[in-house]
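First up is the structure itself, then whatever we jot down about it.
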Amino acid sequence: MSLVDTALAVVLGTLAMAAFGFVAGLTVLGIDRKLAAHMQARIGPPIRQPFIDVAKLLRKENVVPENAIPWLFHAAPVIAFASTITILLYLPIGGIAPVFGGAGDLILIVYLLTVPALAMVAGGFASGSPYATIGAQREMVILMAYELPLAIAVIAIAWRLAAAGVAEPFSLAAIAANPVWGVVGPLGIVGFAILFVILAWVTPAELSRVPFDAQEAETELAGGLLVEYSGKNFALFYMAQGVKTIVMAALAVAIFLPWNLSDFVAMTPAVAVVADFAFFLAKVLLVAFFSVSLIRVSMARFRITQIVSVYWLWFGVLGLVGLLLIVLDAYAGVW
Amino acid sequence: MKLTKSFNRSLWAFHFNSGSCNGCEIEIVAAITPRYDPERFGIKLVGSPRHADLLIVTGPVVKKMRDRLLRVYEQVPDPKVVMCVGVCGSSGGPFYDSYNLDGPVDDVIPVDVYVPGCPPRPEAIIYGVVRAQEKLERLEGERA
């Protein structure tokens, strides 16, 4: 493939993934609101409600506070939205290979996941509002808190694949080719189940959803990081939130549920792409339901001090237990 | 600034207490309970006036709150509507002509919808929100 072809494929792929991320992200937000409403014995908004909200926000006045740093204030939402789309380019979507192919691995994705959060921090500090400043400080604390369990989960999986003799265990293609559940014995399956639960609990913090939304906390901080944002900029953060939900669910799917429908049922390539895509969306919805909707409906918000101890202590210890089980499983075969 | 159909189904409200006795607040919270579920029409309470389309004001505007009310009103991005909940904000109510009032609300900021009552029932508040939506629609018709 020539350079022009590659460039064309990347540009078109990026545009397609941006469109997919926008539509799927807002739809999954709408489904989340509908499911949450049903769990609270309400009817809830229509599933297209986030689209209506974004359409409205795009037509509102875009206020820049007097104390704000305008260029940073305007840049932060764009960076947040663009960087979440970028992560999507590294993740496999069903049977469709990532746009950037094998260029990125799991470690890159873990690093890229911090970029939208850092953009929000920059936007919060640039707002020139005390509420936004406190929100930005809290966002940084939460960012550091959930990194530990997330890193444990990622390392444990890659280590086990390496122990099983897989080359390049951090690459998503290798993880997709060797589903972790098939590699290990019973002890390892328990370990991986623990890590799956941990990843599901890291998701709400990544997305600033209840119970880990101390940085937005509309009842205490009046919206925290986003307090000064209105109109177009707020719409960009809203859309980034939707895309991030897809990214986190797609990451969990890529690591823990990498199966495709076409692996089990024989079908023609054209049908396989559609079927795998539909199967992928079903898996994403399932993960999003358990890691976002169910958790946020069943819990109240943690205080910022509790968030740190929950992640560093409880999920840190739980992650190490999972890692230990996986290590024992790897050596059980040797002994 | 152009209003669109999106406003009909996505009205975000910010609640401002200008010295109310908390009776209207209880009824506003009652209006967003699952029994009434205004979220099915896209109506929700937001924490910041910057995110709001609808400013819900309760209370008769005591002297100290006049400046704050003006500032919050200015912070709501256009296009916006103001809804005054409770008889205090409409006329002063039991505090009519009191020496420590700068109100009622429409002496300080322009009000679009009045919801009378002491306190108004949740049904009345939701009806007021519907009238506020109609006002936004009418503005849209006039501008088009």
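Below, chains carry the letters A, B, ... as their sequence lines are ordered, and counting in each starts from 1.
Although no hydrogens or angles enter the test, the distance criterion places no donor-acceptor pair under 3.5 Å between the side chain of D53(B) and the main chain of V81(B). Using modelled atom types, no side-chain atom of S208(A) and backbone atom of P204(A) make a donor-acceptor pair closer than 3.5 Å.
Of the listed residues (P49(B), A52(B), P34(B)), the one with the most heavy-atom contacts under 4.5 Å to chain A is P34(B). The residue among V54(A), L226(A), V227(A) with the most heavy atom pairs within less than 4.5 Å of chain B is V227(A).
When heavy atoms are compared at a cutoff of 4.5 Å, E228(A) approaches chain B by way of both its backbone and its side chain. For V63(A), the part lying under 4.5 angstrom from a heavy atom of chain B is the side chain only. Looking at L57(A), the atoms closer than 4.5 Å to chain B (heavy atoms on both sides) all sit in the side chain, from C-beta outward.
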Practice prompt. Report the C-alpha separation of Y311(A) and F212(A) in whole Å, then their side-chain angles, then the decisive distance to 0.1 Å, and conclude whether the side-chain contact (heavy atoms from CB on, under 4.5 Å) test is met.
Written response: CA-CA 10 Å; Y311(A) 277 125; F212(A) 303 108; 3.3 Å; yes
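Residues of residues 230-238 of chain A that come within less than 4.5 angstrom of chain B, heavy atom to heavy atom, are S230(A), F234(A), Y238(A) in numerical order.
Exactly one of I246(A), V247(A), V115(A), V243(A) qualifies for a side chain to side chain contact (heavy atoms under 4.5 Å, CB included) with I87(A). That residue is V247(A).
Here D213(A) does not pair with R296(A) in a salt bridge; the nearest charged N to carboxylate O distance is not below 4.0 Å. A salt bridge does not link D53(A) with K44(B): every distance from a Lys NZ or Arg NE/NH1/NH2 to an Asp or Glu carboxylate oxygen is 4.0 Å or more.
The side-chain tip of K56(A) points at the ring of W12(B) from less than 6.0 angstrom away and within 45° of straight on.
Listed here is the closest heavy atom pair of E25(B) and N22(B): OE1-CA, 2.9 Å.
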